[in-house]
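Computation of the quantities below employed the complete heavy-atom set of this structure, encompassing side-chain atoms and omitting hydrogens, waters and symmetry-equivalent molecules.
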Amino acid sequence: MDEAFEGRVLVIANRLPITIKEVQEGDFEYNISSGGLVSGLRSLAKAVDFKWFGWPGIDIHRNDKDKVRHDLADKFNAYPIFLPEDLAQRHYNGFSNSVLWPLLHRMPEKVGAEESWSKAYQEVNEIFADNIVPYVEDGDIVWVHDYHLLLLPGILRARLGKKKNLRIGFFLHTPFPTDDFFTILPFREEICRSLLLCDVVGFHTQEYARDFLNSASVVLEGVSRSPSDLHWDGRKVIVHGFPIGIEPGDFREKMETDAVKQELDGLKKYFTGQKILLGVDRLDYIKGIPQKLRAFDRFLTEHPEWLGKVVLIQLAIPTRPDVVTYQRLREEVESLVGHVNGKHGTFSHTPIHYLYRSIKPEQLCALYAVSDVCIISSIRDGLNMVSYEYIACQNKETAGTLMMSYYAGAVKTLPSCTVINPWDIPRFANTIRDVLDMPQAERRQRYTENAHVVDTYTSVRWGTSFLNTCYKMELPKQTDGGT
Ligand code: G6P
């Protein structure tokens with residue numbers, strides 16, 4: 001597998017890897033953003049030199065924009081696309097996270113609706129194009145990411161038709177639904193047309209790629225398919241699974257630092273004599289946190305011999321706090337935590353340790369390392385990078401166990417996790433008991449098999465294989481982009 005890529009690449013994602021905060025008037029602080037997409041691409045940036053375009057999360061006074069642009073380009077190779085606050089909110093909280101996100105995760109009951117959102121979505125995709133077009137040169141690969149920008153490839157293809165050897169790639173970081181969910185989407189035809197003007201469209205798994213191929217065939221006329229290509233309007237589009245990864249070496253390096261060792265010592269002392277179950281999730285309804293808490297409750301109820309000998313540490317990372325469904329989820333989760341602790345806790349033992357915040361990378365690594373089991377209970381999840389990070393912070397001695405939902409993409413890539421159905425609470429609870437009792441030899445074997453995947457399928461390999469697929473792709477005869 002070729003793990004290098006030399007061509008010129010422009011990466012476009014809604015979120016920049018850097019969040020800007022105005023600490024005082026005209027004085028800015030730059031922080032690293034979080035999320036699977038950002039961490040995957042940040043690792044890739046070490047191997048492939050690309051410009052990163054995206055929304056910086058705030059709008060700032062126009063007098064300060066040039067200074068911030070200069071700082072970001074200089075320090076991070078990042079190019080901010082500023083959006084008026086109200087428009088950004090309708091695009092981000094509105095159409096992207098209240099319509100597209102739930103539908104892509106097959107949860108139509110979570111969809112909100114406001115007429116102005118779809119217009120804002122189209123407008124933001126246009127504004128992104130306005131900002132990117134001046135930077136594109138002949139021979140470039142323009143790589144668009146994720147559901148916030150589904151219309152962008154089509155707009156770019158129309159505006160950049162005269163560029164020679166231009167390749168446009170698109171990667172979706174979420175699942176892709178079956179056609180009965182996809183067809184609920186407003187402007188489903190426009191979305192399909194836009195994606196079919198790419199050269200390569202990538203998903204985390206082959207199943208999502210297949211579901212996209214099915215949807216495109218249902219929604220548009222004249223689509224013909226071979227197993228992983230799609231032909232439409234004289235163009236060939238490669239549609240394929242490219243599961244993302246992490247850079248495990250970065251985690252292992254961090255594990256060797258004094259800061260992590262100190263954190264780890266502290267945690268070991270504090271939780272002496274207890275088994276630790278760990279959950280690390282953005283506080284998102286796709287992550288199945290209530291299901292996990294209910295299964296833990298049931299486990300403690302049915303196995304009182306474990307009371308006082310096991311804790312669940314649940315880290316809930318704040319996300320999209322302005323969206324109502326996320327606010328409701330927080331209430332539900334916090335009430336469940338209170339319920340379980342009230343029911344099973346004692347003065348000297350708290351069964352669930354719940355944190356609603358982000359923590360430092362050193363603390364996260366130590367948490368991963370100290371935990372006996374990591375539980376991923378998503379009810380739908382594109383891939384799930386936490387599972388990879390957990391494995392990277394374990395070793396053959398600790399050999400922590402990974403419980404993985406059948407509905408997370410990583411169930412297809414990590415062969416030796418223990419699969420759970422988050423909806424089946426009684427079996428989920430029994431599986432908690434089984435993994436706690438799992439013999440060391442089996443844990444070690446499963447860890448070794450999973451670690452092999454994490455070490456082999458890294459984010460650099462993901463990115464370079466996507467880009468090489470774009471690059472080596474036979475271009476349509478008319479080199480003007482040919483639409
Ligand atoms: C998922 C999405 C990303 C997103 C991330 C964090 O991984 O696929 O596009 O950036 O969640 O969500 P946020 O809304 O904070 O960007």
Salt bridge flag under 4.0 Å for residues [X] and [Y]:
X      : Y      : answer
Glu256 : Arg252 : no
Lys254 : Glu263 : no
Asp250 : Arg42  : no
Glu302 : Arg298 : yes

Under a 3.5 Å cutoff, is there a donor and acceptor pairing between the side chains of [X] and [Y]?
X      : Y      : answer
Tyr326 : Arg282 : no
Asn97  : Tyr147 : yes
Ser465 : Asn468 : no
Glu449 : Ser416 : yes
Gln440 : Arg443 : yes

Using the ring of each side chain (for Trp, its six-membered ring), is [X] parallel, tilted or perpendicular to [Y], with breaks at 30° and 60°?
X      : Y      : result
Phe176 : Phe203 : perpendicular
Phe28  : Tyr30  : parallel
Phe296 : Phe299 : parallel

Discussion item. For a salt bridge (Lys or Arg N to Asp or Glu O under 4.0 Å) check, start with the C-alpha distance between Lys51 and Asp140, then their side-chain angles and the critical distance, and finish with the verdict.
Written reply: CA-CA 11 Å; Lys51 288 186 164 52; Asp140 281 356; over 6 Å; no
Which distance, rounded to the nearest 0.5 Å, do you find between the [atom1] of [X] and the [atom2] of [Y]?
X      : Y      : atom1 : atom2 : value
Asp281 : Thr319 : CG    : OG1   : 11.5 Å
Thr398 : Tyr447 : OG1   : OH    : 6.5 Å
Met107 : Tyr285 : CE    : OH    : 7.0 Å

Between [X] and [Y], is the ring centroid distance below 6.0 Å?
X      : Y      : answer
Phe271 : His353 : yes
Phe53  : Phe128 : no
His148 : Tyr121 : no
Trp143 : Phe50  : no

